[in-house]
Amino acid sequence: MTERKRAIRPMHPRDPAEPHRAATALELLFDLVTVIAIAAAAEGLHHAIAEAHARQGVLRFALAFFAIWWAWMNFTWFASAYDNDDAVFRLLTMVIMAGSLALAAGVDGLFRALDIHLVVGGYVVMRLAMVLLWLRAAGADRARRTTNLRYAGGIAIVQLYWVLLMVLGSPGSIAFVPLMLLGFLFELGVPAFAERATTTPWHRHHIVERYGLLTLIVLGEILLGASLALQAAAREAFDARLVHVALSALVITFAMWWLYFCEEEQLHGSGLRRALLWGYGHLPIFAAGAAVGAGFAVLVDIVAGHAHVPLRVGDMAVAIPLALYMAGLWLVRDRFVLAGPAGLVLPLFALAIVALPFAFPALEAIAALAALAAAVRARLGHRHPGHHR
């Protein structure tokens with residue numbers, strides 16, 4: 001029996017220059033589970049804003065989304081480097097999916113009362129499965145053994161921190177949220193520490209594809225907002241404003257898609273500093289995409305008379321994350337690949353969009369600016385002479 005046909009195989013590193021590398025069916029299934037978790041976080045944000053608890057809702061959305069994104073990102077980069085598709089890899093991936101579902105189920109408790117028991121329980125399951133994967137890789141990849149053991153040890157130590165916070169922490173205390181943020185800093189530090197020994201052999205085109213797929217997932221939250229608007233228009237007394245909300249959601253979704261999937265390369269080169277900036281820098285992009293969808297759901301509630309906030313708040317709930325999305329794309333990509341006026345398109349349009357709701361009710365104007373930003377960027381875009389940085 002050849003090694004490729006064996007049910008359990010050594011977890012040798014993948015070739016980072018492997019041709020035609022694409023997302024696997026298992027990775028796509030993993031993304032479906034992530035969809036559920038992201039939808040739960042967006043729904044919590046939607047209800048918090050609609051009930052006039054925006055500040056609290058934004059903070060708890062950020063806490064939930066970080067956990068979802070970080071678990072997704074760690075698995076994605078590991079799979080890019082070591083996916084051998086054997087039975088053990090598949091089973092451990094399915095364990096990670098089960099943990100993601102538990103995390104999603106706990107998002108409601110996190111929003112209501114900062115109850116982190118189910119969120120942390122699901123998250124720790126996901127991360128401990130990753131520890132086992134990194135230990136497998138350490139056993140087969142002798143050249144990167146130190147790196148892989150650093151990953152395994154670092155992740156395990158941080159999970160102990162989360163368990164202690166879950167058991168000993170008090171959600172009502174002033175220190176609770178800062179302690180959660182400290183845990184996130186510990187999580188972020190593990191790859192930066194581990195990769196300094198020897199970088200893992202991730203596949204650049206595969207990573208770019210995986211990030212593009214998650215972008216499509218968060219943009220789906222905005223399309224859901226458009227669907228909710230049309231459902232409300234059909235179910236209740238017809239209000240043309242709901243049609244405007246749906247059309248604006250479509251225009252903004254198409255503009256955000258166009259801005260992300262442009263001709264310029266998302267990630268040029270494989271240097272550690274650039275990879276960390278690009279990989280970590282996508283957090284505001286992904287979170288903002290989901291938050292725009294939550295903003296449209298808030299607008300539907302406002303127009304239908306089910307919210308406790310004015311229309312301006314709904315416009316802001318769309319404009320602010322949309323501007324953050326544009327700023328994030330500038331941070332991780334445009335400032336490296338565009339020169340001259342083209343490099344300023346997204347920051348300038350982001351500023352204009354975020355300022356609009358403070359002047360007048362402006363949903364249609366926000367949608368128009370988003371579409372114009374995509375058109376202007378496409379027109380002016382060209383290679384930055386220093387894009388190899």
Side-chain angles (χ1 to χ4, degrees), residues 42 45-55 57-58 61 218-233 236-260 284-285 287-330 334 344-380:
L45 178 62
H46 153 215
H47 289 302
I49 296 174
E51 294 166 7
H53 301 301
R55 185 176 302 176
V58 169
F61 171 78
V218 299
L219 292 182
E221 291 296 320
I222 311 174
L223 295 177
L224 178 60
S227 177
L228 290 174
L230 294 176
Q231 288 177 23
E236 303 181 18
F238 180 79
D239 190 327
R241 292 179 299 171
L242 289 169
V243 178
H244 292 176
V245 170
L247 291 176
S248 296
L250 284 175
V251 170
I252 288 175
T253 302
F254 298 153
M256 292 171 72
W257 175 88
W258 208 301
L259 287 171
Y260 191 92
I285 296 172
V292 171
F296 274 105
V298 171
L299 279 169
V300 172
D301 282 355
I302 292 171
V303 174
H306 301 150
H308 302 95
V309 292
L311 188 62
R312 189 186 305 275
V313 172
D315 289 342
M316 292 172 63
V318 171
I320 292 174
L322 176 57
L324 182 61
Y325 178 89
M326 291 181 174
L329 286 178
W330 176 85
D334 279 18
L344 299 176
V345 169
L346 292 186
L348 291 177
F349 273 94
L351 288 173
I353 286 171
V354 82
L356 271 178
F358 293 96
F360 54 88
L363 182 61
E364 289 82 357
I366 292 169
L369 279 179
L372 185 60
V376 171
R377 190 199 176 284
R379 178 68 175 173
L380 297 181

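Worth saying up front: this structure is predicted, and the values here are computed from it rather than measured. Index from 1, following the sequence. Values below: all heavy atoms of this structure, side chains included; hydrogens, waters and symmetry mates excluded.
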Tell me the closest heavy-atom pair linking [X] and [Y], and the distance in Å.
X: Ile353; Y: Ala370; answer: CD1-N, 4.2 Å
X: Leu369; Y: Ala352; answer: CD1-CB, 4.0 Å
X: Leu259; Y: Ala374; answer: CD2-CA, 3.6 Å
X: Ala371; Y: Val251; answer: CB-CG1, 4.0 Å
X: Ala294; Y: Leu45; answer: CB-CD2, 3.9 Å
X: Val300; Y: Ala232; answer: CG1-CB, 4.0 Å

Evaluate the criterion side chain to side chain contact (heavy atoms under 4.5 Å, CB included) for residue pair Phe296 and Glu221; output intermediate values, then yes/no. CA-CA 9 Å; Phe296 274 105; Glu221 291 296 320; over 6 Å; no
When the side chains of residues 317-327 are checked against the rest of the protein, which donor-acceptor pairs come out under 3.5 Å, sequence neighbours left out?
{"unit_1": "Tyr325", "atom_1": "OH", "unit_2": "Met256", "atom_2": "O", "d": "2.9"}

Does some side-chain heavy atom of [Y] sit less than 4.5 Å from a side-chain heavy atom of [X]?
X: Leu363; Y: Arg241; answer: no
X: Val298; Y: Asp301; answer: no
X: Pro310; Y: Val313; answer: yes

To the nearest 0.5 Å, tell me how far [X] [atom1] sits from [Y] [atom2].
X: His47; Y: His306; atom1: NE2; atom2: NE2; value: 12.0 Å
X: Arg312; Y: Ile302; atom1: CZ; atom2: CD1; value: 11.5 Å
X: His46; Y: Leu228; atom1: NE2; atom2: CG; value: 7.5 Å
X: Leu223; Y: Thr253; atom1: CG; atom2: OG1; value: 4.5 Å
X: Leu230; Y: Leu250; atom1: CG; atom2: CG; value: 7.5 Å

Partner set under side chain to side chain contact (heavy atoms under 4.5 Å, CB included) for Trp330, not counting sequence neighbours: Asp334, Arg335, Leu346, Pro347
Is it true that a side-chain atom of Asp315 and a backbone atom of Pro357 form a donor plus acceptor pair closer than 3.5 Å? no
Counterpart residues, side chain to side chain donor-acceptor pair (under 3.5 Å), relative to Glu364 (two or more places apart): His244
